[in-house]
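One structure is given here, and the rest of the page talks about it.
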2 protein chains.
Amino acid sequence: MKLSSKGLYGVQAIFDLAFHAEGRSAQIKDICDRQAIPPRFLEQVFQDLRKAGIVTSKRGPRGGYQLAHAPDRIRVGDIIRALEGPVHLLPSGRNREHAEESSSYQVAQDVFKGLSSNIEGCLDAVTMADMCHRADALGLQRRPPPAYVYAI
Amino acid sequence: MKLSSKGLYGVQAIFDLAFHAEGRSAQIKDICDRQAIPPRFLEQVFQDLRKAGIVTSKRGPRGGYQLAHAPDRIRVGDIIRALEGPVHLLPSGRNREHAEESSSYQVAQDVFKGLSSNIEGCLDAVTMADMCHRADALGLQRRPPPAYVYAI
DNA sequence: GACATTTCCGATGGGTTTAGTCAGCTTACA
DNA sequence: TGTAAGCTGACTAAACCCATCGGAAATGTC
């Protein structure tokens with residue numbers, strides 16, 4: 001049982017936004033430089049995150065992405081669900097229709113449903129604010145984007 | 001985030017063994033009939049379970065599989081680990097070596113390591129005995145294998 | 001208005017994993 | 001010795017993952 005790269009990249013990127021941008025917006029290029037993520041791939045990831053309402057975007061020069069909520073309101077679970085769908089331990093089998101009738105299968109179904117929501121609970125227990133605190137504890141330096149200065 | 005069919009089939013099969021065979025042995029054919037699992041596929045699953053020491057096997061006529069431990073000593077997590085490897089949320093990336101140097105990545109790594117062991121904890125909290133109790137509560141009937149009777 | 005920059009969208013391709021099948025071998029009971 | 005089971009390894013079709021690409025749309029700057 002593992003996470004896809006999309007999920008990891010997503011969490012890294014949102015954390016990056018929370019930690020380095022601090023409410024302002026950042027661009028894909030900069031996030032990828034800091035987090036070592038392929039830029040064209042992160043583009044896709046951000047599309048999903050935008051559709052899920054986790055970030056807002058602005059096009060054009062000096063555009064970029066911005067958190068839609070405060071870091072303590074964004075949970076790891078929100079990101080994972082946006083990128084990989086709900087945690088659902090039951091595989092959507094092909095000839096599972098026949099099995100669904102058997103009450104024997106229902107026991108497994110009940111158990112896995114309970115486990116799924118427990119696991120979601122684990123993921124929802126960690127927020128971006130938590131990750132920022134941990135980063136501070138590690139001594140990680142914030143690199144806020146330079147304030148824009150008009151050319152002379 | 002989802003489970004593979006192998007994991008579900010494995011849990012179903014071990015539960016079936018605990019519930020219907022009750023310490024005795026059962027054959028693939030019978031388990032598959034009760035649980036609606038492709039027989040040749042369950043064969044593979046049982047090989048992994050045997051190598052992990054969760055079941056023992058006996059070949060030849062009137063052979064079959066048998067639990068290696070009491071149902072309250074077999075946890076869902078044991079089965080999942082045997083069939084899908086340890087829960088490890090971090091994808092084993094290709095160019096992740098470069099990223100590992102960045103302490104930014106280390107934050108994500110720490111968080112996911114913690115989450116992984118929490119999730120294992122969820123899976124280890126449910127035993128086969130628990131599933132049997134639940135099945136009893138659902139009114140599921142046990143179908144023990146008929147005691148062998150010598151032909152006249 | 002022209003241009004540069006950045007996000008947005010859809011398609012594509014290589015590689016890996018999954019789910020299931022198959023043929024043939026080994027073991028062991030009767 | 002025949003037959004019923006498990007054991008082993010190879011195989012395949014489909015799905016999925018991880019990007020990468022070309023171009024379109026929006027928007028700030030000159």
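When atom types are taken as modelled, the side chain of B:Glu43 and the backbone of B:Ile28 share no donor-acceptor pair closer than 3.5 angstrom. Remark: the backbone N or O of B:Gly53 is paired with a side-chain donor or acceptor of B:His69 at under 3.5 angstrom. With B:Glu120 contributing its side chain and B:Gly77 its backbone, the two residues share no donor-acceptor pair below 3.5 Å. Distance alone, capped at 3.5 Å, is enough to place a donor-acceptor pair between the B:Asp78 side chain and the B:Arg75 backbone. Not a single donor-acceptor pair under 3.5 Å links the side chain of A:Gln66 to the backbone N or O of A:Ala26. Without hydrogens or angle criteria, B:Gln12 side chain to A:Tyr105 main chain gives no donor-acceptor distance under 3.5 Å.
Of the candidates D:dC7, D:dT20, D:dT3, D:dT3 carries the atom nearest the B:Pro61 side chain, counting heavy atoms from C-beta on. Of the candidate nucleotides C:dC8, D:dA19, D:dG28, C:dC8 has the atom nearest to the side chain of A:Arg50. Looking at the side chain of A:Pro38, the nearest of the listed nucleotides D:dT20, D:dA5, C:dC9 is D:dT20. Distance from the side chain of B:Gln27 is smallest to D:dA5 among D:dT20, D:dA5, D:dA4. Taking every side-chain heavy atom of B:Ser4 into account, C:dA19 is the closest of C:dA19, D:dG28, D:dC18.
Counting only heavy atoms from C-beta outward, the side chains of B:Asp130 and A:Val111 never approach each other to under 4.5 Å. Within the 4.5 Å cutoff, the side chain of B:Leu89 has no heavy atoms near those of the A:Met1 side chain. Residues A:Ser57 and A:Phe46 form no side-chain contact, since every pair of their non-hydrogen atoms from C-beta on lies 4.5 Å or further apart.
Atom-to-atom, CD1 of A:Ile28 to P of D:dA19 comes out at 14 Å; the value is rounded to the nearest Å. Between the C1' atom of C:dC29 and the NZ atom of B:Lys58 lies a distance of 9 Å, rounded to the nearest Å. Atom pair A:Asp48:CG and C:dT7:C1' shows a separation of 14 Å (rounding to whole Å applied). One atom, CZ of B:Phe41, and another, C1' of D:dA13, lie 14 Å apart when rounded to the nearest Å. One can place NZ of B:Lys2 at 14 Å from P of C:dT17, the figure rounded to the nearest angstrom. Computed from coordinates, the A:Gln47 CD to D:dA26 C1' distance equals 13 Å when rounded to whole Å. The CG-P distance, from B:Asp30 to D:dA4, rounds to 14 Å in whole Å. Atom CG of B:Leu42 and atom C1' of D:dG6 are 12 Å apart (whole Å).
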Is there any protein nitrogen or oxygen under 3.5 Å from a nitrogen or oxygen in nucleotides 9-12 of chain D, and what are the pairs?
{"from": "D:dA10", "atom 1": "N6", "to": "B:Gln44", "atom 2": "NE2", "distance (Å)": "3.4"}

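Terminal axes of the helix from C:dG1-D:dC30 to C:dA30-D:dT1 (five pairs each, C1' rotation axis) are separated by 10°, to the nearest 10°.
Phosphate contact (OP1/OP2 of D:dA19, side-chain N/O of A:Tyr9, threshold under 4.0 Å): present. At C:dT18, none of the side-chain N or O atoms of B:Ser5 fall inside 4.0 Å of OP1 or OP2 (strictly under the cut-off).
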Full working for salt bridge (Lys or Arg N to Asp or Glu O under 4.0 Å) between A:Asp16 and A:Arg142: CA-CA 9 Å; A:Asp16 186 274; A:Arg142 293 173 193 261; over 6 Å; no
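Counting any heavy atom pair closer than 4.0 Å across all strands shown, A:Tyr65 reaches sugar-phosphate atoms only and no base atom.
Annotation: of the two residues near DNA chain C, A:Gly60 and B:Arg59, the 5′-most nearest-nucleotide partner is A:Gly60.
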